[in-house]
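Below is one structure, written out as structure tokens, with a few remarks after it.
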Amino acid sequence: MTALKGLALPVALLVLWQLAVVLSGMQSDTIAAPDAIFAALGRALTEPAFWADTGDTLAAGGMGLALGFGLGTLSGVLFGLIPPVGRVMRVTVELLRPLPAIAILPIALLIFGFGYRLEVAIVAFGTCFPVLVLTEAAVRQIEPRLSEVARALALSPGARVRKIVLPAVLPRLFVALRLAAGIGLIIAITVEIAANPIGLGARLMQASNSLRPADMYATLFWIGAIGWALNWGMLRLQLWLFPATRGAAQ
Amino acid sequence: MLETTGIDATKSGTQEVLRVDGASVRYGAATILDGVDLTLNRGEFVCVIGPSGSGKTTFLRLLAGLVAPAEGRVLFRGAEHRAPSREIAIVFQDYANALLPWRDAEGNVSLALEAAGVPRAERAGRIRALLSKVGLAGSEKKFPSEMSGGMQQRLQIARCLAQEPDVLLMDEPFGALDAMTRQKLQDELLGIVRDSNVTAFFVTHDLEEAIYLSDRIVALEPDPGQVCRVFDVTLPKPRNQLSTREMPEFLRLRRELFDFIERFEP
Amino acid sequence: MLETTGIDATKSGTQEVLRVDGASVRYGAATILDGVDLTLNRGEFVCVIGPSGSGKTTFLRLLAGLVAPAEGRVLFRGAEHRAPSREIAIVFQDYANALLPWRDAEGNVSLALEAAGVPRAERAGRIRALLSKVGLAGSEKKFPSEMSGGMQQRLQIARCLAQEPDVLLMDEPFGALDAMTRQKLQDELLGIVRDSNVTAFFVTHDLEEAIYLSDRIVALEPDPGQVCRVFDVTLPKPRNQLSTREMPEFLRLRRELFDFIERFEP
Amino acid sequence: MRHLHRGLWFMASLALLVALIWGWQVLADARILPRAFFPGPDRTWRALSRGFASGTLVADTLTTLRRLGLGWVLASLLGVGLGALVGTSKWAQDWVAPIFEVLRPLPASAIAPVLLLFLGLTDSMILTLIAFGALWPMLLTTVHGFSNIHPRRKEVARSLGMGRGAFIAKIALPGALPDIMGGLRLGLTVALILVVVGEMITVQGGLGARILLAARAFNAAEIFAGVALLGVIGLVTNALLGLVETRALRWQRR
Amino acid sequence: QERTSVTLLYTATTGFMTAWVAADQGFFADHGVDVDLQLAQNGSIIVAGVVSGSAQVGLPTPTVALQAIENGLDLRTFASTNIFPETSNAGVVVGAESGIEAAADLVGKTVGVPGIGGLLDVTMRQWLISQGVDVGDVNIVEIALPQTGDAIRAGQVDAVASVDPFSSRAVDMGVGRLIGNYLDVIPDGSAAGIFVTTAEWAEEHPEAITGMQLALAEAADFIRENDAEARESITRYTTLPAPVVANVPFPNLGGALEPETSLGFWNRLALEQGLIYELVDLDTFVIPFPTE
Ligand SMILES: Nc1ncnc2c1ncn2[C@@H]1O[C@H](COP(=O)(O)OP(=O)(O)OP(=O)(O)O)[C@@H](O)[C@H]1O
Ligand SMILES: Nc1ncnc2c1ncn2[C@@H]1O[C@H](COP(=O)(O)OP(=O)(O)OP(=O)(O)O)[C@@H](O)[C@H]1O
Ligand SMILES: [Mg+2]
Ligand SMILES: [Mg+2]
């Protein structure tokens, strides 16, 4: 039932779109009607090359995300736990953090060339800093009483991170991961659109360059579907990982 | 083992565990504790009373090493003591925040055992024993959010006992408990202190509780917090909920404490 | 104004405010309260006692309209009552969570006035009066995180009084207070109930407190929670901290309650 | 005392940055980094001062700043507003939230061609791009903040008879503020990225267009100059936001 | 004979068809070079791909390569793809009802180009200058070529410096009209695209370069004789719809580079428009075809 409600609005929009295209009798190199798009998507789904492109984007984006998220959490936890480190790195991080990943593309291209390495590097750069900031904030906001409990029990730094810090920040780390996954996908696709001749972004660009708008929107929809599935999967994971949230209803 | 300020530590005699020397605590510009002195000896039970906001919790945090004195010193076994140690267990006043919401009762007690490096195989048994000691048998799998206030506080006490500390600092630990549970836990606590020769520092606002438990009662005066009187409790041991509370000495002390504290009516 | 179960509400006589009819509360499969009956009349002071985990807090939440009964009904002024109302103020047991940490003391009290639509100009004066009534004059600008436990609880009480409610539901409100502050607030509370004809429902684990305050004491039995006895308190009013507590009737009741509660030793 | 403390840390942090830049210069001088695409700080600085002297860099910076500010404010209002709606309304959660979940992962840069079609090579196209892309962090964190409000506070609101508006304004929003502030910061970062992407797509002035043209001409010093300016813009805007945050979250310090 | 592997970066422009045909028909392989053709998303990244080693050979436009050299990248070129004059429809497309008739009417208007600083852009500017228009009075913006028709219809731009198939399509749709072929300003014989590699790679693989040069010459001959096979290659590499490809006119095929004839015009143009600050030494840049 809930799922149906969720579908209502998107479906209504699609119908409107189809009607608009049909009624205006539009012929264009950049706009296509939903029925043509779904037909194109159906065709693409039977092509091995389409799945290879999907695999490329997911692999490059995934590796970049893993690297960026790993670096981000590690340094975030470190910065949060040992405030002096965070403070000393502050200006450097604040200067590097907002740098648009896409602005370093020209330079990264000269260094890494095309292929996985380029994409992994840029996705890692783009996801690392948001994760760092969120993790550091989450670590700082741990209930101070819990930190005192950890100190009173003289937990080793490792145990402190494993038993107090991580469980306390995990829910927020998950928000960070979901966000970073979204950002990672965006960056991966953007890199592919702008330069890297692999993956779904390149397919999108090729479709647009060779005047196949239906293919272009089909790819766009597919990217949206992937992002959505990613997010959905992570929500499941969260419920499975944190059974302790079940008592929070009271 | 009654009140003594002996500094000399010999095996058989009074053995100094914690000592506060003219310590002051400030938060920003506000002075919360001003020039406090106190010595806690091994196996001794000291209660702290004082009006709300007089600095009892702050005093406890000072002993725990959770706040550093702006002046003076805190010595633990003769050495300056600035960070908490596993030998000193703390029962916090705000129990709700001191428990890990993502661990159930067992898991919360287990935390202390894990910290002490107790092998996994041993833990289960000890956890069960501790939980039943504080009357939580049967609630092993409950998460803090599924427990009543009193149950949460008892869970925190169980975790502190799991630490097998030398010093037990408790901040109004029985504040959320009903009279019966409270009396039962008071006796349980006295037994533990006696058997394992633990030093207990106990914040309470219940005067009768203070008398029943203590070897010594420290009274704090507010604005800024200062030790303004120390009462020695010479009631015989072991104590008994019915007979001890009826002794003339008990009633005398109760009256004395009451008169004392009445001066600070807000 | 003593215990009556009269349903008929006439202006001069006993006037029923809240009524619980055979209500049960469940959390999932667990039955917490089972077939509870109670009637609260206007201006009446009812205390609830019972061992830890017996369902006192749950009972209060039921009266507040915060949980719905799985069976039976709760009536507020004769009408089914399923959602909280501004006329019913609640002092929560976990005061730390019930305050807004981003508002200072003034701001927290102000919240109730804002909700009631009190014009800005009036608020400041009323806030100051309320804060000094609970002994927090001078702490107007402190944030909850800068207050001791007792101060936070008093702040919550001030906010509830600001609501000018018809019914005051309090969950161990004085649990974190020292004896003196506690006695002062007890008298303050009795005065408020008398003057404004408020109905008070008061959860406590302090038997003497229950006797001192009540017109009626409800004792809860655990597993599952049930009203197992009601004690009428016929001590004269106004009450006095010294003389009332020495009356034979007081001592008799105390013994009776104690014997009652002892049955549930965990 | 506390201010002095903070100032010292800031200086230390700045010193670290200077040391890093100096290390870069050393590497560049030693020709360990290829000169053609790794100009040292000296050449970057020269490109910067040349740009400032001619005034074009100032104009581009101001253009980027204006777009960034407008786009970010737009995204914040939308994000926090929609987040509050979804966070407090069962209805919105059922009917509207799913479409957010579908739209969110769409790469903003990929919808740029569609936006171009409807809005042309205009400021409003860049602003819409920013709003669409930077909205999500704020929306997500707001929803998260709202859903993490302690149940006791909801009960307080109910027992005080607060309406939805008062609940949002007095309890939910301030309570979710730490989360929202995090979202605002993140949104600012995303907005900066999208300003650059938008400017690169439209080539309508601004630092993004400048970097793009420099990249096409293989002028590495100018790329670095542009990137350095972007870094400074990010640093300064974030510091301003940080000031607002410490003020707004005063109560959190314990 | 030792074999060399080469990755070759191209964009989907029909001008590059000699390379496609040489690969499809095995001419490269015949000369000991295994060529792997790789599509680049846009022309501006081709040089970067070559410099970073992702590809050994790329097909940029001459102006791009000259700018790269100006900025310290050491490049070599060994062949041209196609040469001017262009056979296909290229031209400034304006709205069908816009009333713009000549270059002078573009003053104060917005003109779209596929890439600012790119070949079409600088040439269009040169055309404007040759028609007596001050370039500063025209607002030049970037648009993607596939949007030629849509952008004009939506009023985003008043004109587009476009090429086929996009310009024909805009005209066929009734959206636009051609007002002149700006590519006319380019002297005949100038290269439209060139085969570029790094100096380092060129020095290490002289025989591979010779091999590719010979293969390209063979491919040009082949295209002149075998129309159908050539169009097949175009369909494969541009992924354009087959009916579109059937109507595409073949470009003027290039091959050997003469420094002054092929690149001299671009060298001076780049200097005049401030893309480079001094003329590039073309004799070092160009590796001539083997003299048989
Ligand atoms: N973080 C803080 N910042 C500023 N003042 C503080 C802070 N913590 C406590 N105080 C102040 O210190 C004084 C003593 O607080 P403390 O918590 O030690 O009192 P207490 O004796 O434990 O009171 P209670 O019995 O109510 O728990 C109070 O006046 C309080 O306002
Ligand atoms: N959210 C919940 N889910 C499951 N069980 C709960 C929940 N909340 C309370 N309980 C259970 O309900 C019972 C009664 O709890 P309640 O908080 O009403 O007790 P109480 O009488 O107020 O105890 P105390 O004096 O310790 O505060 C307890 O056994 C507790 O474990
Ligand atoms: Mg305290
Ligand atoms: Mg309770």
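Numbered from 1 within each chain, the chains take letters A, B, ... in sequence-line order.
The parts of D/Leu192 that come within reach of chain A are both its backbone and its side chain, each placing non-hydrogen atoms under 4.5 angstrom from that chain. In this structure, the portions of A/Leu95 lying under 4.5 Å from any heavy atom of chain D include both its backbone and its side chain. Heavy-atom distances place no part of A/Ala137 under 4.5 Å from chain D, backbone and side chain included. Residue A/Leu230 does not touch chain D at all, counting heavy-atom pairs closer than 4.5 Å. Interface remark: D/Met181 contributes no atoms to any contact with chain A (heavy atom separation under 4.5 Å). At a 4.5 Å heavy-atom cutoff, the contact between D/Leu230 and chain A is made by backbone and side-chain atoms alike.
Within 6.0 Å of atom CZ in D/Arg153, more than 12 heavy atoms from other residues, nucleotides or ligands are found, so the atom counts as buried in its surroundings. A/Trp17 CH2: more than 12 foreign heavy atoms inside a 6.0 Å radius.
The distance from the NE2 atom of D/His144 to the CZ atom of A/Arg178 is 9.0 Å, given to the nearest 0.5 Å. Expressed to the nearest 0.5 Å, how far CG of A/Leu105 lies from CE of D/Met200 amounts to 7.5 Å. Expressed to the nearest 0.5 Å, how far CD1 of D/Ile193 lies from CG of A/Leu99 amounts to 9.5 Å. Remark: A/Met89 CE to D/Leu20 CG distance equals 7.0 Å, nearest 0.5 Å. Atom-to-atom distance recorded for A/Ile183:CD1 and D/Trp136:CH2 is 13.5 Å, nearest 0.5 angstrom.
The side-chain heavy atoms of A/Pro83 and D/Trp9, taken from C-beta on, include no pair separated by under 4.5 Å. Between D/Asp179 and A/Arg172 the shortest side-chain heavy-atom distance falls below 4.5 Å.
Of all non-hydrogen atoms in A/Ala103 and D/Val227, the two that sit nearest each other are O-CG2, 4.0 Å.
Taking 4.5 Å as the heavy-atom cut-off, the residues of residues 233-244 of chain D that approach chain A are D/Gly234, D/Leu235, D/Asn238, ordered by number.
Residue with the most contacts toward chain A among D/Ile21, D/Val190, D/Leu14: D/Leu14 (heavy-atom pairs, distance under 4.5 Å).
A distance-only check finds a donor-acceptor pair linking the side chain of D/Ser13 to the backbone of A/Val91 [under 3.5 Å].
Between A/Arg97 and D/Thr189, the side chains place a donor N or O and an acceptor N or O closer than 3.5 Å (distance only, hydrogens not considered).
Looking at residues two or more places apart in sequence or on another chain, you find a side chain to side chain contact (heavy atoms under 4.5 Å, CB included) between A/Leu78 and A/Ile82, A/Val85.
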